[in-house]
S.K.: 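Could you have a look at this structure, given as structure tokens, before my questions?
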There are 2 protein chains.
Amino acid sequence: MVSIREVAELAGVSVGTVSKYLNTPHRVAPATSDRVRRAIKDLGYVRNEAARQMRTGRSNTLAFVALELRNPFFGEVAHAVERRAAENGLFLVLASSDGDPVRESQYIDMFVQQRVHGLILASGTTRPEDFELLAARGIPTVLVDAYAPSDRFSSVAVDDALGTRRAVIHLIEQGCRSIAFVGGPESVRQIGERLDGARKAVREHPGVTLEVIATEERIVTAGLHVGEVIAARRPAERPDGIVAANDSVALGLMQSLGNRAGLRVPADIALVGFDDMEFAATTTVPLTTVRRPRDIFGRTAVDLVRDQAEAGVPLPVRTIVIQPELIVRESSLRRGRPGA
Amino acid sequence: MVSIREVAELAGVSVGTVSKYLNTPHRVAPATSDRVRRAIKDLGYVRNEAARQMRTGRSNTLAFVALELRNPFFGEVAHAVERRAAENGLFLVLASSDGDPVRESQYIDMFVQQRVHGLILASGTTRPEDFELLAARGIPTVLVDAYAPSDRFSSVAVDDALGTRRAVIHLIEQGCRSIAFVGGPESVRQIGERLDGARKAVREHPGVTLEVIATEERIVTAGLHVGEVIAARRPAERPDGIVAANDSVALGLMQSLGNRAGLRVPADIALVGFDDMEFAATTTVPLTTVRRPRDIFGRTAVDLVRDQAEAGVPLPVRTIVIQPELIVRESSLRRGRPGA
DNA sequence: AGTGATCGATGAAACGTATCATTGACCCTG
DNA sequence: CAGGGTCAATGATACGTTTCATCGATCACT
């Protein structure tokens, strides 16, 4: 394997000069430059990043740990992270924990061993000892869509409670009086907060009731199942507005309610999702939903890491909470809507 | 930053011993082991992977370049790759080219500089000079869902033509006589082959016709649009069976045909997709589709890379073609089906 | 008791690069 | 023409590991 030394030899210059050519090309004379360039090409030399990194102690890679990359949500966040990282001259490496804290630990260990420039955690399953490790080594770390434990790390997340609050208020404005929240479990922080937001909003409106229909998972089939249960009820006992824990559940609900049971969305039941996934705009009845801005998540996370890395010294922790936007589409716009 | 030397000092042993403890723990005496372990813990020592890699020349990371990670298809392939890599003691780093060959080039350069253990390319947009570079440096490289240029790299792909062939024959068995292929452009290899497979299958069945309805992209909205066009035709001029270029297009078709235009799927028009994406089983009418096995893609790719890396010397190129499976669901099962 | 053999530990060398103080060549100015 | 200044190039050093030849000590066996 050809090293910088052989390049220097062939070009008839010193090793230091080749290094200078590689790192600060403008400070090497044009004629020398040509000879070095030529030698590099002839020998097929490729810089050894490991040696470089060992010498400098720095790395130009940013690591991103997602909960599950199969989920397009993380794919989109990763995409935004990658773009912003590139703007900052950083490369991105991705890993997926798939909900396994042990796997995540292994990855974090690996990244620490690699001396990565910074770390973005979007898994929500990180172990306390890993946080400990990262804090102890001073590796710039930012949490995405998760709050920082003991306020030691900066984070960027959406205000989940505000999202469902806006959804509920919107449903009430559409004339709904009997609202259901479909999703669970409450123990997942994001879901718990969404439910809280819905509860509080309903409490502020006398005459409106909230029913919680719990599910174990937040996937399409869970929504399908709940939809069938609701459809089997007597009409008077059905909710007239539903807030789903996320878009997948909403999709399942829409399919079982609207297409299979013959109920009309939104006329009989108005429906709001959460996330604004790509398919939300293209469902049978376009889905009203609470948007979680993946691009902002990604950009902000990179910026936080970069600021921390540039500062060198510990910066005050920043907890950035993004206000989610309600994207109103047909699934929640009812006939008989006041003012329509 | 604490190094192996300081660990050795604190433990009262030599640097070599600490290294031995880290790499071949069974050849170090228990008492010494304890002292070293203790020192490592007290100092919070973490191995420097860059130095290790520089010394050994080896790296234990496998790189995967996807076309677009936002697309769940790649997420699932990446997931399978990651699992298999872990079984082989390898870590995975991911990158996404987003269709930009320049970006992809940058990533490949980076991976070559990192001296990765192997490379899996699933982008389909790799530049010839990058292939040149990888071949010249002898980096184990495998293509996924793309054929190898000039037979220099092993690859794993699905037999696209066979997939659509099976879809068409299935539709004919269901009584369809006027079949349409929706998708494009033909210049994308996979799409071109799918179209070819459909053409050949139709040609073998006298009395059956094939119409090609071209689209620029293969996304939901393309299917929505084509569906509207078809619905606007006089009934006699509509196809009675459709093969979509992928599931996204099929989804769009199903929505605009079935739900908006009032046509019935499969009674009026039978529909088959391609890919078997996660949502295919949960659409309004569950979608019949040609399955591309992501898990097999991922596993096979890793195995090919591993074999190549272990061999050291160039191995004969292996081109693995996987026969796609037709997953029959409701969207293609017509009333009046022969034998039903 | 002497001879190998085995085991554990040592210490120096090497990996490929960046860095930096030093040197040499050259030009400009007074 | 002397002297200061700039620009290029040099070459030694250090980064944190792994590796390997070497050495001492312990043990089993004749």
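Letters A, B, ... mirror the listed sequences (proteins, then strands); counts begin at 1. This one's a predicted model, so the numbers in the text were calculated from it and none came from an experiment.
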S.K.: Could you verify whether a donor N or O on one side chain and an acceptor N or O on the other, from A:Q114 and A:T61, lie under 3.5 Å apart?
M.R.: no

S.K.: Return the value, rounded to whole Å, for the distance between atom CD of B:Q53 and atom P of C:dG16.
M.R.: 12 Å

S.K.: A:R47 side chain N/O closer than 4.0 Å to the phosphate oxygens (OP1, OP2) of C:dA18?
M.R.: yes

S.K.: What contact category does A:S19 fall into here, base, sugar-phosphate, or nothing, at under 4.0 angstrom with non-hydrogen atoms?
M.R.: base

S.K.: Just to be sure I understand the rule, does A:Y21 reach a base, reach only the sugar-phosphate, or reach nothing, if contact means heavy atoms closer than 4.0 Å?
M.R.: nothing

S.K.: Using heavy atoms to find the nearest nucleotide of DNA chain C for A:K20 and B:A29 separately, return the residue whose nucleotide is more 5′.
M.R.: B:A29

S.K.: Side chain of B:R55, base of D:dT18: donor and acceptor closer than 3.5 Å?
M.R.: yes

S.K.: Rounded to whole Å, please give me the gap between CZ in B:R115 and P in C:dG16.
M.R.: 9 Å

S.K.: Considering only side-chain heavy atoms of B:R52, which listed nucleotide, D:dT10, D:dT18, C:dG16, is closest?
M.R.: D:dT18

S.K.: So what does A:T56 touch, heavy atoms closer than 4.0 Å: a base, only the sugar-phosphate, or nothing?
M.R.: sugar-phosphate

S.K.: How many Å lie between NE2 on A:H26 and C1' on D:dC7, as a whole number?
M.R.: 12 Å

S.K.: What is the distance from CG of A:L22 to P of C:dG16, rounded to the nearest Å?
M.R.: 15 Å

S.K.: If you find the nucleotide of DNA chain D closest to A:G12 and the one closest to A:M54, which residue's nucleotide is nearer the 5' end?
M.R.: A:G12

S.K.: Would you kindly give the CD-to-C1' distance between A:Q114 and D:dG16, to the nearest whole Å?
M.R.: 15 Å

S.K.: Output yes when at least one side-chain N/O atom of B:S14 is less than 4.0 Å from OP1 or OP2 of C:dG11, else no.
M.R.: no

S.K.: Applying a 4.0 Å non-hydrogen cut-off, can you work out what A:S3 is touching in the nucleic acid: base, sugar-phosphate, or nothing?
M.R.: sugar-phosphate

S.K.: What is the distance from CD of A:E49 to P of D:dC15, rounded to the nearest Å?
M.R.: 19 Å

S.K.: Specify the separation, in whole Å, of atom CE of B:M1 and atom C1' of D:dG16.
M.R.: 13 Å

S.K.: Check this for me: A:R127, atom CZ, are more than 12 non-hydrogen atoms of other residues, nucleotides or ligands nearer than 6.0 Å?
M.R.: yes

S.K.: Can you confirm if the NZ or CZ of A:R152 lies within 45° of the ring axis of A:F131 and under 6.0 Å from the centre of its six-membered ring?
M.R.: no

S.K.: Could you say whether B:A51 or B:P30 is positioned toward the 5' end of DNA chain C, judged by the nucleotide with the nearest heavy atom to each?
M.R.: B:P30

S.K.: Report, as yes or no, whether the 6.0 Å neighbourhood of atom CZ on A:R38 holds more than 12 heavy atoms from other residues, nucleotides or ligands.
M.R.: no

S.K.: Measure the distance from CZ on A:R5 to P on D:dT10 and round it to the nearest whole Å.
M.R.: 15 Å

S.K.: C:dT17 phosphate, OP1 or OP2: any side-chain N/O from A:N48 under 4.0 angstrom?
M.R.: no

S.K.: Do B:N60 and B:R52 pass the side-chain hydrogen bond (donor to acceptor under 3.5 Å, both in side chains) test, and can you show the C-alpha distance, the side-chain angles, and the key distance before you say yes or no?
M.R.: CA-CA 11 Å; B:N60 57 349; B:R52 172 192 173 80; over 6 Å; no

